Amino acid sequence: MKKSLLLAVFLLFVISACKDEDCGCAGLPLPQCIEEMIADTSVTNHLQSIQRTTVGNEQHFWLNSGASAVDGPEFIVNEQCDTVCYWLCFCEPPACADDYDINDFEVVWEK
């Protein structure tokens, strides 16, 4: 019983000791327009996730709707929620798409 309790306390300590940098999280607050987007179900009903990456000194957000699977656009917006790029599955990508690596995005919201 003592060993089980000690193990549980140790695991709880290890889990709670993880810092944002250790977890791969950016730890940056979300811009107000992204928070509003997340709170608006008429927007999130059409999204699978919102993912973040940093380009230069600015956060960019991929509004992942799953539309690119059927050659629809997947938009990337900046901190003011202005569209800065988009992706399409079957069409030639715009030049701005070269600025992004899909593996560099972190999920900040998902269904």
Side-chain angles (χ1 to χ4, degrees):
M1 177 69 177
K2 258 187 173 179
K3 287 183 182 182
S4 297
L5 182 59
L6 184 59
L7 179 62
V9 170
F10 175 75
L11 288 175
L12 194 61
F13 173 77
V14 169
I15 292 169
S16 66
C18 181
K19 296 181 182 172
D20 286 346
E21 303 85 49
D22 300 332
C23 298
C25 307
L28 299 171
L30 294 176
Q32 183 64 33
C33 65
I34 297 295
E35 290 282 359
E36 290 171 3
M37 211 179 279
I38 290 170
D40 186 348
T41 57
S42 69
V43 173
T44 56
N45 281 340
H46 303 288
L47 296 176
Q48 294 177 352
S49 67
I50 297 176
Q51 300 183 40
R52 169 177 45 199
T53 193
T54 303
V55 177
N57 293 326
E58 187 174 50
Q59 298 177 74
H60 286 191
F61 298 86
W62 169 21
L63 308 178
N64 180 5
S65 64
S68 66
V70 292
D71 205 29
E74 296 271 335
F75 294 100
I76 299 173
V77 299
N78 62 13
E79 295 174 1
Q80 294 76 38
C81 290
D82 297 325
T83 301
V84 294
C85 196
Y86 62 92
W87 287 325
L88 294 168
C89 186
F90 302 112
C91 295
E92 180 80 24
C96 62
D98 293 339
D99 296 338
Y100 302 97
D101 179 349
I102 198 166
N103 297 315
D104 290 341
F105 283 87
E106 70 165 330
V107 175
V108 295
W109 175 89
E110 67 183 341
K111 279 188 182 177

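Each residue takes its place number in the sequence, starting with 1. These numbers were taken from a predicted model, which means no experiment stands behind them.
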Task: Residue pairs, two or more places apart or on separate chains, that pass side-chain hydrogen bond (donor to acceptor under 3.5 Å, both in side chains) and touch residues 81-100 - done: His60-Tyr100

Task: Inter- and intrachain pairs under side-chain hydrogen bond (donor to acceptor under 3.5 Å, both in side chains), touching residues 28-39, at least two apart - done: Gln32-Glu36

Task: Distance, nearest 0.5 Å, that separates CD1 of Ile38 from CD of Glu110 - done: 11.5 Å

- [ ] Can you see which heavy atom on Met37 is nearest to which on Val43, and at what distance?
- [x] CG-CG1, 3.3 Å

Open item on the list: If you compare all heavy atoms of Arg52 against all heavy atoms of Leu30, which two are closest, and at what distance to 0.1 Å?
Closed with: NH1-CD2, 3.6 Å

Task: Positive for side chain to side chain contact (heavy atoms under 4.5 Å, CB included) with Glu74, one of Ile102, Asn64, Leu88 - done: Asn64

Open item on the list: Just to verify, what does Asp104 make a side-chain hydrogen bond (donor to acceptor under 3.5 Å, both in side chains) with, not counting sequence neighbours?
Closed with: none

TODO: Scan for disulfide (SG to SG under 2.5 Å) pairs involving residues 46-88, sequence neighbours excluded, and state none if there are none.
DONE: Cys33-Cys81, Cys85-Cys96

- [ ] Check whether any side-chain heavy atom of Ile34 lies under 4.5 Å from a side-chain heavy atom of Val77, and answer yes or no.
- [x] yes

Task: Trace of the side-chain contact (heavy atoms from CB on, under 4.5 Å) decision for Ile76 with Leu63 - done: CA-CA 6 Å; Ile76 299 173; Leu63 308 178; over 6 Å; no

Open item on the list: Restricting to side-chain hydrogen bond (donor to acceptor under 3.5 Å, both in side chains), what partner residues turn up for Asn45, sequence neighbours left out?
Closed with: none

Open item on the list: Holding to side-chain hydrogen bond (donor to acceptor under 3.5 Å, both in side chains), I want the full list of residues that pass it with Gln51, two or more places apart in sequence or in another chain.
Closed with: Ser49

Task: Heavy-atom closest pair, residues Pro73 and Ala67 - done: O-CB, 3.7 Å

Task: Polar side-chain atom of Gln48 near backbone of Lys111 as donor-acceptor pair, under 3.5 Å - done: no

Open item on the list: Rounded to the nearest 0.5 Å, what separates atom CD in Glu79 from atom CG in Asn57?
Closed with: 9.5 Å

- [ ] State plainly whether one hydrophobic cluster holds both Phe105 and Phe61, where clusters connect Ile, Leu, Val, Met, Phe, Trp and Tyr through side-chain heavy atoms under 4.5 angstrom apart.
- [x] no

Task: Joint cluster assignment, Trp62 & Trp109, ILVMFWY side-chain distance < 4.5 Å - done: no

